[in-house]
> 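Sending over a structure as structure tokens; questions will come in a sec.
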Amino acid sequence: MIKSKVQKFVDGCVEAGIAQGLWSEKLRGKYSVEIPKHKGQGDFSTNFAMVAAGIEKRNPRELATQFIECAGSEGDLVERLEIAGPGFVNVFLNPSVWATVIEPICTQDTSFGPPPVNEKKRVLVEFVSANPTGPLSVGHGRNAILGDAIARLLESVGHDVHREYYFNDAGRQMRVLGQSTKARYCELLGKPADFPEDGYQGEYIYDIARSMVEESGDALCDGELDVFKKKAQEAIFADIDATLKRIDIRFDSYFNEHTLYETGQIEDVVKCLRSQGLVYEKDDATWFKTSELGLEQDRVIIKSSGEPTYRLPDIAYHREKFRRDFSWMINVFGSDHIATVPDVLAGVRALGYDDSLITVVLYQFVTLLRDGKQVKMSTRKATFVTVDELVDEVGGDALRFFFLMRKPDSQLEFDLDLAKKQNQENPVYYVQYAHARLCSIGREAMEQKIEHKDADLSLLTEPEEYALLKIMADYPQLVSGAAEDLAPHRIIFYLMELAGQFHSFYNKHKVLGDDAELCRARLSLCAAVKVVIRNGLNLLGIQAPERM
RNA sequence: GCGCCAGUAGCUCAGUCGGAUAGAGCAACGGCCUUCUAAGCCGUGGGCCGGGGGUUCGAAUCCUCCCUGGCGCGCCA
């Protein structure tokens, strides 16, 4: 909000210099305007003189002096300019400009946030995409919450976002699921059960089998495997759906791999690739010549059994995304899928599409700690902690907050014991508590019938007040940047800083004090802080409670 | 052996496409409630930013070579 004004001001100085022939026009856009780290270095600073010095081969301080001369009469925005350090120009603003952030925040209220992007895109965010073989586990949880937060961020900057879940209910995994279920069913009936070597050992398989016994008795013992497969798949998918709803995650569409077979897409992709000489047969299998597309080795796309490998439907699926006219496709994958990415991108490229429109967000694994020890997890043995269990233990808000605290590239350590005792020290409460306090102040003001419309904001002169105003002024740009970089964790850190600054302010200064005018001004400030905290939390799908 | 990610305070991690004197939370220690919510605040200590070399006015950030940890390198997904 304020920064863009300063940026314009600096740009103006640079242009004036160009007009006067002080430096070349090559300098346009080469410098930056930043918020200095330390006190005494102004509200903003620019490295213009240092950047210019490098290009023009001149002394930075001399350039800085000329820059300041170009500023001329500075208007209401800038109070003074200083040269510091190796050649920074520090910009000190007229303090009164900071309070101007309050009005737009309060007016825009729930819609206060980042400016819309210049180029609005039709974005497909594909996430979760777990096959229905069991309940969602911790890793899926990170995927779900990360994907949803990314989708929310992109929506907030004006993109047209579509959430999609891609899944497969056929193939080997599902066959094993059916066999596992049938074996448990027979076992429950006291009949010989043939539990598969690599079957799913989770308790949830018994639950499904038990419900089948209740429904059908022993009638299915000699029945088709498909019945078990279908039943298990439906039950598990219903569970996954329910889990996702619990943490408020919804999809616009589910894409079943099946449809790619039914509509002939799979065969068509092979045909297209083959026509370009990128497909050949060897050892009864069909190979994709990825080595000709810059990759290390060729890959099998159809096994000797006649069944495609995951690559083929994946390529077909991505072609469908392009055909559905998305201009940005985001995939949220666990880092164990990293090897699959280059093949699929190569396939998409070979089919004539621009694979730079696909962004793959790979997140690192979640390490779970219990009793200070790492929990070993195995999907098949079902020795994993489910998203449902996590929600039971820490709640949806804390779960989202924790999963979003780390950037995707970082491994995420989740200490269950810590999370459980975190009723007291959970950082999510720290931020939510600030909001609850603000609401409390608002309620009290209401009771005392104190209005804060048209308050004299020039009364906000305490350091804690300026600090709050400055942080809030940064919000729109922060969200824009976080959206652009698909980095929801920055919102978390921002909110912790804003909440912290508010708590400091709250402890040092009384809002509803004796001075009626000051009280009104501070109420305006608080109203704005409340809006920003609430909007920030909601942006991540976290509640902003009015009482705690 | 090859690829990707990480290595920053005792622990968990930020550090916004190279900026000035290195940041937060937790843990430790010492203070603050007759006052709008103490789920809070204030103060103290704590660092060869994994290591070497390089690029330049300037490096936690970029390049290179090592070390350590994680994930991969299937006719599994």
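All chains are named by letter (A, B, ...) in the order of the sequence lines, taking the proteins before the strands, and each is independently numbered beginning at 1.
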> Within the 4.0 Å limit for protein heavy atoms, which parts of nucleotides 54-61 of chain B are touched? Write it as a string from 5' to 3', B for base, S for sugar-phosphate only, - for none.
--------
> Using a 4.0 Å heavy-atom cut-off, does A/S335 contact any base of the nucleic acid, only the sugar-phosphate backbone, or nothing at all?
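Answer is sugar-phosphate: A/S335 comes under 4.0 Å of backbone atoms only.
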> Does A/R437 place a side-chain N or O at less than 4.0 Å from the phosphate oxygens OP1/OP2 of B/A38?
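So the side chain of A/R437 is within the cut-off, an N or O lying under 4.0 Å from OP1 or OP2 of B/A38.
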> Which base, if any, makes a Watson-Crick or G-U wobble pair with B/C41, both distances under 3.5 Å?
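Paired with B/G31.
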> Going by number, which of residues 284-297 of chain A have a non-hydrogen atom under 4.0 Å from RNA chain B?
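Hits under 4.0 Å, by residue number: A/A285, A/E296, A/Q297.
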> Taking atom CD as the centre, does A/E62 end up with more than 12 heavy-atom neighbours from other residues, nucleotides or ligands that are less than 6.0 angstrom away?
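Atom CD in A/E62 is packed in, count exceeds 12.
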> Which comes earlier along RNA chain B counting from the 5' end, the contact point of A/I338 or that of A/G85, where each point is its nearest nucleotide?
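In this pair, the answer is A/I338.
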> Apply the syn/anti split at 90° from 0 to B/C32 and say which one it is.
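The base of B/C32 is oriented anti (glycosidic angle more than 90° from 0).
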> Provide the Watson-Crick or G-U wobble partner of B/C13, both distances under 3.5 Å; none if there is no partner.
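Partner of B/C13: B/G23.
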> Apply salt bridge (charged side-chain N to carboxylate O under 4.0 Å, His left out) to A/E517 and list each qualifying residue two or more places apart in sequence or on a separate chain.
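Counting only residues at least two positions away or on another chain, A/E517 forms a salt bridge (charged side-chain N to carboxylate O under 4.0 Å, His left out) with A/R520.
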> Give me the ring orientation class for A/F502 and A/Y506: parallel if the planes are under 30° apart, tilted from 30 to 60°, perpendicular past 60°.
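Because their plane-to-plane angle lies in the 30° to 60° range, the rings of A/F502 and A/Y506 count as tilted.
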> How far does the P atom of B/A27 sit from the matching atom of B/A6, given to the nearest Å?
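These two P atoms come out 29 Å apart once rounded.
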> If you look at every strand shown and take non-hydrogen atoms under 4.0 Å, does A/A436 touch a base, only sugar-phosphate, or nothing?
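Counting heavy atoms under 4.0 Å across all strands, the contact made by A/A436 includes a base.
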> Touch check for A/H509, heavy atoms < 4.0 angstrom, all strands: base, sugar-phosphate only, or nothing?
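Base contact.
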> Is there aromatic stacking of A/F88 on B/A20 here, judged by a ring-centre distance under 5.5 Å and a plane angle under 30°?
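Given the distance and angle limits, yes, they stack.
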> Would you please determine if the base of B/C41 is stacked by A/H503, with stacking meaning a centroid separation under 5.5 angstrom and planes under 30 degrees?
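No.
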> Could you tell me which residues satisfy salt bridge (charged side-chain N to carboxylate O under 4.0 Å, His left out) with A/E444, sequence neighbours excluded, listed by chain and number?
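With neighbours one apart ignored, the set is empty.
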> A/V511 versus A/F505: any side-chain heavy-atom pair under 4.5 Å?
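Yes, their side chains come closer than 4.5 Å.
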> Take atom P in B/C2 and the same atom in B/G40, then report the distance between them in whole Å.
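Comparing P positions in B/C2 and B/G40 gives a spacing of 50 Å.
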> Let's test this: given Watson-Crick or G-U wobble pairing with both distances under 3.5 Å, identify the partner of B/A6.
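Partner of B/A6: B/U68.
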> Do A/Q543 and A/L537 make a side-chain contact, defined as non-hydrogen atoms from C-beta onward lying under 4.5 Å apart?
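Side-chain contact under 4.5 Å: no.
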> Going by the rule side chain to side chain donor-acceptor pair (under 3.5 Å), which residues pair with A/K5 if we only count those two or more places apart in sequence or in a different chain?
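For A/K5, no residue satisfies side chain to side chain donor-acceptor pair (under 3.5 Å) once neighbours in sequence are set aside.
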> Under 4.0 Å from OP1 or OP2 of B/C71: is there any side-chain N or O of A/Y363 that close?
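No, because none of the side-chain N or O atoms of A/Y363 sits under 4.0 Å from OP1 or OP2 of B/C71.
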> If you define the side chain from C-beta out and look only at heavy atoms, does anything of A/K321 sit under 4.5 Å from A/N331?
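SC-SC contact between A/K321 and A/N331 confirmed.
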> When both hydrogen-bonding distances must be under 3.5 Å and the geometry is Watson-Crick or G-U wobble, what is B/G1 paired with, if anything?
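Here B/G1 is engaged in a pair, and the nucleotide opposite it is B/C73.
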> Check the orientation of A/Y165 and A/F167. Use parallel for under 30°, tilted for 30 to 60°, and perpendicular for over 60°.
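Perpendicular.
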> Does the cation-pi check pass for A/R299 over A/F288, that is, NZ or CZ under 6.0 Å from the six-membered ring centre and within 45° of its axis?
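Verdict for A/F288: no cation-pi partner in A/R299.
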> What distance, rounded to whole Å, do you find between the two C1' atoms, one in B/U21 and one in B/G7?
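Approximately 25 Å lies between the C1' atom of B/U21 and that of B/G7.
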> Quick one: which protein N/O atoms are closer than 3.5 Å to N/O atoms of nucleotides 12-18 of chain B? Pair and distance per line, please.
unit_1 : atom_1 : unit_2 : atom_2 : d
B/U12  : O2'    : A/R406 : NH2    : 2.8
B/C13  : OP1    : A/Q411 : O      : 3.0
B/C13  : O2'    : A/R406 : NH1    : 2.8
B/A14  : OP1    : A/K407 : N      : 3.1
B/A14  : OP1    : A/S410 : OG     : 2.8
B/A14  : OP2    : A/S410 : OG     : 3.3
B/G15  : OP1    : A/H489 : NE2    : 3.0
B/G15  : OP2    : A/K407 : NZ     : 3.4

> Has the side chain of A/T309 got a donor or acceptor atom sitting under 3.5 Å from an opposite partner on the base of B/A77?
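Checked by distance alone, the answer is no.
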> If only side-chain N and O atoms of A/Y429 are considered, is one of them under 4.0 Å from the OP1 or OP2 phosphate oxygen of B/A39?
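False: A/Y429 side-chain N/O out of range (4.0 Å or more) of B/A39 OP1/OP2.
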> Could you check whether the rings of A/Y31 and A/F48 sit parallel, tilted or perpendicular, using 30° and 60° as the cut-offs?
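Ring orientation, 0 to 90° scale: perpendicular.
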> Select base, sugar-phosphate, or nothing to describe what A/E307 touches, counting heavy atoms under 4.0 Å on all strands.
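If one applies the 4.0 Å heavy-atom cut-off, A/E307 turns out to touch nothing in the nucleic acid.
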> If pairing requires Watson-Crick or G-U wobble contacts with both distances under 3.5 Å, which nucleotide is the partner of B/G47?
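Per the H-bond distance test, none.
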> Report yes if a donor N or O on one partner sits less than 3.5 Å from an acceptor N or O on the other, where the partners are the side chain of A/S440 and the base of B/C36; otherwise report no.
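Per atom types, no contact qualifies.
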> Using a cut-off of 4.0 Å on non-hydrogen atoms, how would the nucleic acid contact of A/Y430 be classed: base, sugar-phosphate, or nothing?
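Sugar-phosphate: the residue A/Y430, judged by heavy atoms under 4.0 Å, touches backbone atoms but no base.
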> Between A/Q41 and A/S504, which has a closest nucleotide on RNA chain B that is more 5'?
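Closest to the 5' end, via its nearest nucleotide, is A/Q41.
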